[in-house]
Amino acid sequence: RNIRARKFRGYIVLACVLLFLMPIRQFVIVPTEIISLDTMAVTSPVEGIVAQMVAKPNQPVKQGDVLVRLDDTAIRNKLETAKQSLEVSRAEYLAGAHRAFVSTDKTAEAGVLKGRISERLAEVAFLQDQLRMLDIKAARDGIAVYGLENDWIGKPLSPGQRIMELADSNRIGVNAWVPVADAINLNAGQTMHVLLYADPLNPLQATIEQAGYQATKSPDGVVAYRVRATLPPDKNVRLGLRGNAKIDGDWVVLGYFILRRPFSTVRQWLGV
C-alpha cells in the first residue's frame, strides 16, 4: 500500500513537472481605444479669447471650414487706434513737407515724419493680418476631436496653444497602454485581438505598427508602454470606442508564465 501511495505521489509530481514544462504563448490583456493614425494639431495662431467653437466635437469638417472663432474686440480697438495714428502721422508729414519747402532747415524733420508713416502702415498691416487669423480654419478634411465645447468658451489662448485635433477617419487604428509590470516583448507586426465594449461579439484583429521603447505615464496615471496598431482598411469603426486587447508574445513554458510576476516581485524585494 505504501509503494502504491509513493507511486501515486510520484505520478502527481511528474504530471506537475510536465504541466509546468508545457509550452504556452505569453499574452497580456490591456485597455484600448480606437484612434486615428493620422492627426493634425489645431493651434491658436495669435493670442486671444475663444468666442465660439464653430466645429462641434467629432464633427466632420472640410478644408477651409472655420473651426474656432476668437474674440476680435481687443484687436479691432488696436486697429482703429493704429489707423487714427496713421492719419495723424500723414497730417504731420504734410505740414512738415510744407515747412521743408519753405525752409531747407526742415528737410530732415520731413524725413523723420515720413518714416513714422511707414511705421504706422506696418502696424496697421500687422493688426489686419491678426484680425484675419481670428477665424481658425481647417487645413484639411477630417474630424474635429476635442473635449467639451463649454470648456473652451471664454478661455484665453496663447500663440501655439493646442485646441483640438483633425483626425483622418480613413486611417483608423488602435491605441493601447501596456503597464510596465505586465510588459512582454512587443514588436511591429505582432497580432492584437481587440474586443470593443460596444460590440463584444465581433472581435477585431489589428497589427502592431509601433511599440514604444520608453515607458511614459498613461492617461490613467500608470507607467506604461504605448502601442499603436493598424486595422484592416475595410473595417468601419467609430473613433473613440474603447475596449480590451489581447496581445500575444513569445512562446514560454507554463511555469515561467505563472511564476514570472512572483519571481519579479521577490527579486525587487530582495534587491537581487
Side-chain angles (χ1 to χ4, degrees), residues 35-171 219 239-240:
I35 63 169
S36 172
L37 298 176
D38 185 9
T39 60
M40 175 184 290
V42 177
T43 60
S44 176
V46 295
E47 183 177 358
I49 297 176
V50 177
Q52 181 184 4
M53 300 294 291
V54 181
K56 308 304 178 186
N58 300 327
Q59 174 184 331
V61 296
K62 298 292 184 181
Q63 182 178 0
D65 289 351
V66 177
L67 304 176
V68 184
R69 184 165 286 124
L70 303 182
D71 184 73
D72 62 352
T73 304
I75 293 183
R76 285 194 180 276
N77 291 338
K78 292 180 181 179
L79 181 59
E80 290 301 322
T81 302
K83 288 181 177 180
Q84 292 177 6
S85 299
L86 175 61
E87 295 302 323
V88 172
S89 297
R90 283 172 173 168
E92 290 177 346
Y93 171 72
L94 290 176
H98 179 71
R99 290 192 297 270
F101 180 76
V102 175
S103 174
T104 56
D105 297 337
K106 301 295 183 179
T107 304
E109 180 183 353
V112 172
L113 295 175
K114 186 175 181 180
R116 192 172 297 170
I117 292 177
S118 300
E119 292 179 0
R120 297 291 182 263
L121 286 171
E123 183 179 1
V124 169
F126 173 73
L127 292 173
Q128 287 175 339
D129 288 340
Q130 282 201 320
L131 191 62
R132 284 190 290 268
M133 289 188 291
L134 292 180
D135 286 344
I136 304 175
K137 300 181 179 180
R140 69 174 191 186
D141 298 351
I143 297 177
V145 179
Y146 66 98
L148 297 177
E149 180 182 358
N150 290 334
D151 291 343
W152 289 96
I153 302 299
K155 184 176 181 178
L157 300 177
S158 56
Q161 183 173 346
R162 181 190 294 260
I163 305 173
M164 65 176 66
E165 290 183 343
L166 280 181
D168 185 358
S169 60
N170 296 321
R171 291 201 61 204
L239 293 175

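We count residues from 1, following the sequence as given.
The shortest non-hydrogen separation linking Leu86 to Ile117 is CD1-O, 3.8 Å. Of all heavy-atom pairs spanning Arg69 and Val54, the tightest one is NH1-CG2, 3.8 Å. The two residues Gly64 and Lys137 come nearest to each other via the heavy atoms O-CD, 3.6 Å. For the pair Gln161 and Pro156, the tightest heavy-atom approach, listed with the atom from each and the gap, is OE1-O, 3.9 Å. The shortest non-hydrogen separation linking Ile136 to Ser44 is CD1-CA, 4.1 Å. Closest of all the heavy-atom pairs between Tyr146 and Pro57 is OH-CD, 3.3 Å.
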> Would Arg90 and Glu87 satisfy salt bridge (charged side-chain N to carboxylate O under 4.0 Å, His left out), going step by step from the backbone distance to the final call?
Replying inline: CA-CA 5 Å; Arg90 283 172 173 168; Glu87 295 302 323; 3.3 Å; yes
> Step by step, would you call Ile163 with Met53 a side chain to side chain contact (heavy atoms under 4.5 Å, CB included)?
Replying inline: CA-CA 10 Å; Ile163 305 173; Met53 300 294 291; 4.0 Å; yes
> Passes side chain to side chain contact (heavy atoms under 4.5 Å, CB included), Thr39 versus Val145? Steps please.
Replying inline: CA-CA 9 Å; Thr39 60; Val145 179; over 6 Å; no
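In this structure, the separation between OG on Ser89 and CD on Glu119 is 8.5 Å, given to the nearest 0.5 Å. Atom CG in Asp72 sits 12.0 Å away from atom CD in Gln130 (nearest 0.5 Å). Taking CD of Gln52 as the reference point, atom CD1 of Ile153 lies at 7.0 Å (rounded to 0.5 Å).
Under a cut-off of 6.0 angstrom, the local environment of CD in Glu47 is sparse, with at most 12 non-hydrogen atoms contributed by other residues, nucleotides or ligands. The environment of CZ in Arg140 is crowded: more than 12 heavy-atom neighbours from other residues, nucleotides or ligands sit within 6.0 Å.
Here the side chains of Leu79 and Val124 are in contact, with some heavy-atom distance below 4.5 Å. Within the 4.5 Å cutoff, no side-chain heavy atoms of Leu239 are placed close to those of Asn58. Side-chain contact between Leu70 and Val46 is present, with heavy atoms from C-beta onward closer than 4.5 Å.
Within the structure, every pair that satisfies the salt bridge (charged side-chain N to carboxylate O under 4.0 Å, His left out) test and touches residues 142-157, not counting sequence neighbours, is listed here: Lys56-Glu149.
When atom types are taken as modelled, the side chain of Asp141 and the backbone of Gln63 share a donor-acceptor pair closer than 3.5 angstrom.
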